[in-house]
Amino acid sequence: MAVTARRLRAVVACVVLAVAAALAPRPAAGILDPNDFLALQTVRRSLDDMPGSAFFDGWDFTADPCGFPGVFCDGDRVASLALGDPRAGSPGLMGRLDPALGRLSALTELSLVPGRVEGQLPASLASCSNLRFLAVSKNLLSGQIPDGFGALSNLRTLDLSFNQISGAIPPSIAALPSITNLILCHNQLTGGVPSFQDSSTLLRLDLKHNALAGGVPALPAGLQYLSLSANRLSGTVEQVLPRLTRLNFLDLSMNQLEGPIPPAVFALPLSVLQLQRNFFAGPVQPAGDVTIPVVNLSYNRFWGQVSPLLAGVGQLYLNNNRFTGEVPSRLVQELVGSGGLQVLYLQHNFLTGIEISPSSSLPSTVSLCLMYNCMVPPVYAPCPIKAGSQNTRPADQCPEWRG
């Protein structure tokens with residue numbers, strides 16, 4: 001009887017130990033999903049460190065990949081992949097982005113530090129349905145943006161800037177339901193600026209330095225940052241810009257845009273307004289005092305008198321236009337009195353006078369340029385070299401000025 005009791009206690013003890021072992025937390029090492037493990041191995045074979053980089057020194061596949069530099073796991077799946085050393089000035093990677101990245105189906109973030117990674121963007125990334133952040137800027141990526149990226153319904157940021165990507169921007173990219181940042185600047189994109197639904201969540205659109213053509217389409221009313229400079233855009237903007245009431249940065253410079261600038265633009269909560277080097281024309285007539293820190297309207301075809309309502313601008317570039325009349329005294333007072341106006345460029349217009357004493361000494365912190373107008377500049381102020389060396393326009397170009 002005693003032997004039977006001892007045996008029963010031994011059996012119970014074994015059962016308890018077995019249950020405890022089954023319920024005990026398993027070690028983290030070596031539990032990565034096999035598909036993710038193989039995908040990381042393939043990604044590693046397609047990339048290498050540039051000279052001076054040691055990013056992949058920590059990728060030892062005899063250990064747990066969830067501990068690799070740049071690999072972040074959620075359970076047994078790779079959730080975030082940051083390829084390359086993110087420290088400023090560190091050398092990047094070279095090679096290609098392998099289609100195996102698309103097998104990391106739980107991926108939510110993928111980033112690549114600046115380097116010399118070339119080839120096309122893997123179309124297979126469209127399979128990463130949870131992807132929220134994709135940033136691969138400042139590399140040598142080429143080819144077109146895969147149209148399948150339009151299936152990434154959770155994507156919020158797409159940054160492909162400073163590469164060699166060509167072709168048109170797929171309309172499906174503009175239709176992404178969660179996109180907030182679309183940064184495709186400094187590429188070789190052609191076609192037009194895509195149209196967005198007014199209900200789009202887009203906050204930042206940066207397409208500068210491409211070869212985009214056509215007009216500026218309707219854009220989401222909630223947009224806060226818009227840069228389309230250095231393209232081949234044409235047409236007018238008076239129907240587009242007034243609706244963008246939340247813009248804090250606007251750069252349409254170096255295009256072929258024309259027509260007037262709506263007065264409402266000067267009332268937007270902008271930190272920068274850059275419209276230089278276009279074919280904009282007409283008078284500049286803000287509806288109220290302008291307090292934008294930087295306003296650049298240079299190299300256009302604006303005409304009429306300079307508005308005194310621009311006196312609240314910090315840096316005002318009106319040069320190389322067709323402005324006439326006298327410079328408003330409010331601008332002079334702000335400039336000479338060390339007010340908010342620090343830069344006033346008026347060269348290469350048809351201005352006939354400015355109320356400033358020839359003995360006035362401009363503060364060292366301000367810049368004034370009056371060269372090549374229909375007047376002799378009353379004060380000496382150094383101008384930029386590209387303003388030329390002629391102080392005054394020829395008299396036959398100045399019918400209202402008699403010298």
Side-chain angles (χ1 to χ4, degrees), residues 206 208-209 224-230 237 241 244 247-255 257 261-278 280 282-323 325-351 354-356 360-373 377-388:
D206 191 346
K208 63 177 175 284
H209 287 272
Q224 297 178 10
Y225 182 106
L226 175 61
S227 181
L228 303 176
S229 68
V237 295
L241 296 183
L244 307 180
L247 273 185
N248 55 49
F249 183 96
L250 175 59
D251 186 359
L252 302 179
S253 61
M254 295 183 282
N255 280 289
L257 298 167
I261 299 302
V265 170
F266 297 99
L268 296 176
L270 294 169
S271 60
V272 173
L273 172 60
Q274 298 192 139
L275 303 178
Q276 68 270 25
R277 296 186 182 276
N278 278 283
F280 289 121
V284 176
Q285 298 176 326
D289 286 336
V290 182
T291 57
I292 303 171
V294 178
V295 173
N296 194 336
L297 307 181
S298 63
Y299 293 93
N300 278 288
R301 299 171 180 176
F302 293 116
W303 50 266
Q305 296 192 331
V306 175
S307 173
L309 298 175
L310 295 170
V313 174
Q315 300 177 28
L316 181 59
Y317 303 89
L318 302 178
N319 54 287
N320 295 82
N321 278 286
R322 301 172 181 178
F323 289 109
E326 293 199 353
V327 180
S329 58
R330 279 188 64 186
L331 272 69
V332 178
Q333 292 167 5
E334 286 291 321
L335 194 71
V336 175
S338 297
L341 187 57
Q342 298 295 305
V343 176
L344 180 58
Y345 278 7
L346 297 169
Q347 68 269 23
H348 287 258
N349 279 287
F350 295 85
L351 299 168
I354 181 171
E355 294 184 11
I356 186 171
S360 293
S361 177
L362 293 174
S364 59
T365 56
V366 306
S367 297
L368 171 66
C369 186
L370 297 169
M371 292 180 64
Y372 209 65
N373 276 285
V379 294
Y380 170 76
C383 288
I385 294 176
K386 58 185 177 183

Discussion item. If the condition is side chain to side chain donor-acceptor pair (under 3.5 Å), which residues does Gln315 pass it with, not counting sequence neighbours?
Written reply: Tyr317

Working to the nearest 0.5 Å, report the span between [atom1] of [X] and [atom2] of [Y].
X      : Y      : atom1 : atom2 : value
Ile356 : Ser329 : CD1   : OG    : 12.0 Å
Leu370 : Asn319 : CG    : CG    : 11.0 Å
Leu297 : Asn300 : CG    : CG    : 7.0 Å
Asn321 : Leu346 : CG    : CG    : 10.0 Å
Leu241 : Leu226 : CG    : CG    : 7.5 Å
Leu316 : Leu331 : CG    : CG    : 6.0 Å

Worksheet entry | Heavy-atom neighbours of Glu355 CD exceed 12 at 6.0 Å | no

Would you call [X] and [Y] a side-chain contact if the rule is heavy atoms closer than 4.5 Å?
X      : Y      : result
Ile261 : Leu275 : yes
Arg277 : Ser253 : no
Asn349 : Tyr372 : no
Val327 : Leu351 : yes
Pro286 : Pro263 : no
Leu310 : Leu318 : yes
Gln347 : Pro384 : yes
Tyr345 : Asn296 : no

Item to complete: Indicate yes or no for a side-chain donor-acceptor contact from Glu334 to the backbone of Gly340 under 3.5 Å, with no hydrogens or angles considered.
Response: yes

Worksheet item: Is there a donor-acceptor pair under 3.5 Å between the side chain of Asn320 and the backbone N or O of Tyr299?
Response: no

For residues [X] and [Y], report the shortest heavy-atom separation together with the two atoms involved.
X      : Y      : value
Asn255 : Leu228 : ND2-O, 3.0 Å
Ser367 : Leu335 : O-CD1, 4.3 Å
Lys208 : Tyr225 : NZ-OH, 4.0 Å
Pro328 : Val306 : CG-O, 3.0 Å

Worksheet entry | Worked check of side chain to side chain contact (heavy atoms under 4.5 Å, CB included) between Val284 and Ser307 | CA-CA 7 Å; Val284 176; Ser307 173; 5.5 Å; no

Considering residues at least two apart in sequence or located in another chain, which fulfil the side chain to side chain contact (heavy atoms under 4.5 Å, CB included) criterion with [X]?
X      : result
Thr291 : none
Ala230 : His209, Met254
Pro283 : Gln285, Trp303

Discussion item. Please evaluate residues Arg322 and Phe302 with respect to the criterion side chain to side chain contact (heavy atoms under 4.5 Å, CB included), reporting the C-alpha separation (whole Å), side-chain torsions for both, the decisive distance (0.1 Å), and the verdict.
Written reply: CA-CA 6 Å; Arg322 301 172 181 178; Phe302 293 116; over 6 Å; no

Under 3.5 Å, which donor-acceptor pairs do the side chains of residues 264-274 form with other protein atoms, sequence neighbours left out?
{"from": "Ser271", "atom 1": "OG", "to": "Asn248", "atom 2": "O", "distance (Å)": "2.9"}
{"from": "Gln274", "atom 1": "NE2", "to": "Asp251", "atom 2": "OD2", "distance (Å)": "2.9"}

Worksheet item: Any salt bridge (charged side-chain N to carboxylate O under 4.0 Å, His left out) pairs touching residues 283-301, not counting sequence neighbours?
Response: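 Listed once each, the pairs are Asp289-Arg330.
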
